[in-house]
Number of protein chains: 2
Amino acid sequence: MTTPPDSQAIAERQLCGLVNGLAQRIAEHVRERAATLGLTAPQATALREMSGPMTMRELADRMSCEPSNTTFVVDKLEKQNLVERHPHPTDRRAKRLALTAEGAALRRRLLDLLAVDSPLSGLTPQEQRVLHGLLEQAVRAAPAG
Amino acid sequence: MTTPPDSQAIAERQLCGLVNGLAQRIAEHVRERAATLGLTAPQATALREMSGPMTMRELADRMSCEPSNTTFVVDKLEKQNLVERHPHPTDRRAKRLALTAEGAALRRRLLDLLAVDSPLSGLTPQEQRVLHGLLEQAVRAAPAG
DNA sequence: GCAACATATTTACAGCTTGAATGATTCGAG
DNA sequence: CTCGAATCATTCAAGCTGTAAATATGTTGC
């Protein structure tokens, strides 16, 4: 070891800062593009994750947020006629979220907007794959606090 | 290329989700440890970044948030006698933030708490260096929207 | 010196997010 | 079948965060 004992801790702190900084960048990027469609960032994130019918809990997991928050966000989307809450076919506790035709169309436009000048465009596809692997490993290793 | 045309966009979306997910993990980790010291997550983040005297703007940059937010957070820390706002020696617009003795002691304890079982402990030091390099490259390539 | 513009911080406000409490439903053990 | 624990979604209170505007100071060019 060529480094002092707590240098590892310092490196980890810097790394946490970088992760957080990039997450902020991504959020800001989403916010900008979403605004052009009349959506807020969390609304856009929800729409982005709605690749098919799913429950509130499932959407919350995809958005990495609390279920109570998805209630709030989905309320907004529902008022704009972008998504609908249907009863779940097999579980009466759950709601089955589905995009309306209008919602599906807006989602397509949103995905197109988000694809250009992504905050990750500074990395080559290969570098992105490496990053993907490392992040997945980090997330999987620290499951639930 | 062995992949369909928009597969790259999908990969980037997944990557954004991973970055966000890990950032959430880190925030949660900070929140847990901070709570044992009577601090909220943003308060702890501010304390962590206060490695020396700095201005509000500088702290905001380190915390990757808006200056108005640091006003809010520093207000809380000041009420707990952890930091103080002093006049800046050369720029009368700016405030010079400094830790109190109590704040410095608490910061030391906080750093010790944060160092054990870091959310990044699933990666080896070498992997962390690779991750650091990739993140820095991504952040630098997307400067300001 | 002064006008015009840029910067540092704060305030007011609106929107987002969490965590705890609640009601409805499901599931497994007896 | 029934009890109790667990799960899904919602509500509410409290706190966090960003935007826009306001105030004060600094800087530049004339």
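Lettering follows sequence order; numbering is per chain, from 1.
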Rounded to whole Å, how long is the line connecting atom CZ of Arg96(B) with atom P of dA8(C)? 15 Å
Check whether any side-chain nitrogen or oxygen of Thr40(A) sits under 4.0 Å from OP1 or OP2 of dC16(C), and answer yes or no. yes
Between Glu102(A) and Gln80(A), do the side chains contain an N or O donor and an N or O acceptor separated by less than 3.5 Å? no
With sequence neighbours excluded, residues passing side chain to side chain contact (heavy atoms under 4.5 Å, CB included) with Thr55(B): Arg57(B), Glu58(B), His88(B), Ala94(B)
Near-strand residues of residues 79-86 of chain A, defined as heavy-atom separation under 4.0 angstrom from DNA chain C: none
When you look at Glu12(A) and Leu114(B), which way does the side-chain contact (heavy atoms from CB on, under 4.5 Å) test go after all the steps? CA-CA 10 Å; Glu12(A) 282 191 352; Leu114(B) 291 180; over 6 Å; no
With sequence neighbours left out, the residues meeting salt bridge (Lys or Arg N to Asp or Glu O under 4.0 Å) with Asp91(A) are Arg93(A)
Taking DNA chain C as the partner, which of residues 58-77 of chain A come within under 4.0 angstrom of it by heavy atom? Cys65(A), Glu66(A), Ser68(A), Asn69(A), Phe72(A), Lys76(A)
Between His29(B) and Arg33(B), do the side chains contain a donor N or O and an acceptor N or O under 3.5 Å apart? yes
Check this one for me: any side-chain N or O of Gln24(A) less than 4.0 Å away from OP1 or OP2 of dG18(D)? yes
So does Gln43(A) get a side-chain nitrogen or oxygen closer than 4.0 Å to the phosphate oxygens (OP1/OP2) of dG15(C)? no
Kindly say whether Asn81(A) contributes a backbone atom to a donor-acceptor pair with the side chain of Thr100(A) at under 3.5 angstrom? yes
State, with a plain yes or no, whether a side-chain heavy atom of Met56(A) is found less than 4.5 Å away from one of Pro67(A). no
Anything under 3.5 Å between a protein N or O and an N or O of nucleotides 23-29 of chain D, put it in a table, one pair a line.
residue, atom, partner, partner atom, Å
dG26(D), OP1, Arg92(B), N, 3.1
dG26(D), OP2, Arg92(B), NH2, 2.9

Filter on salt bridge (charged side-chain N to carboxylate O under 4.0 Å, His left out), then keep only pairs touching residues 77-86 of chain B, sequence neighbours left out; what's left? Asp75(B)-Arg85(B), Glu78(B)-Arg85(B)
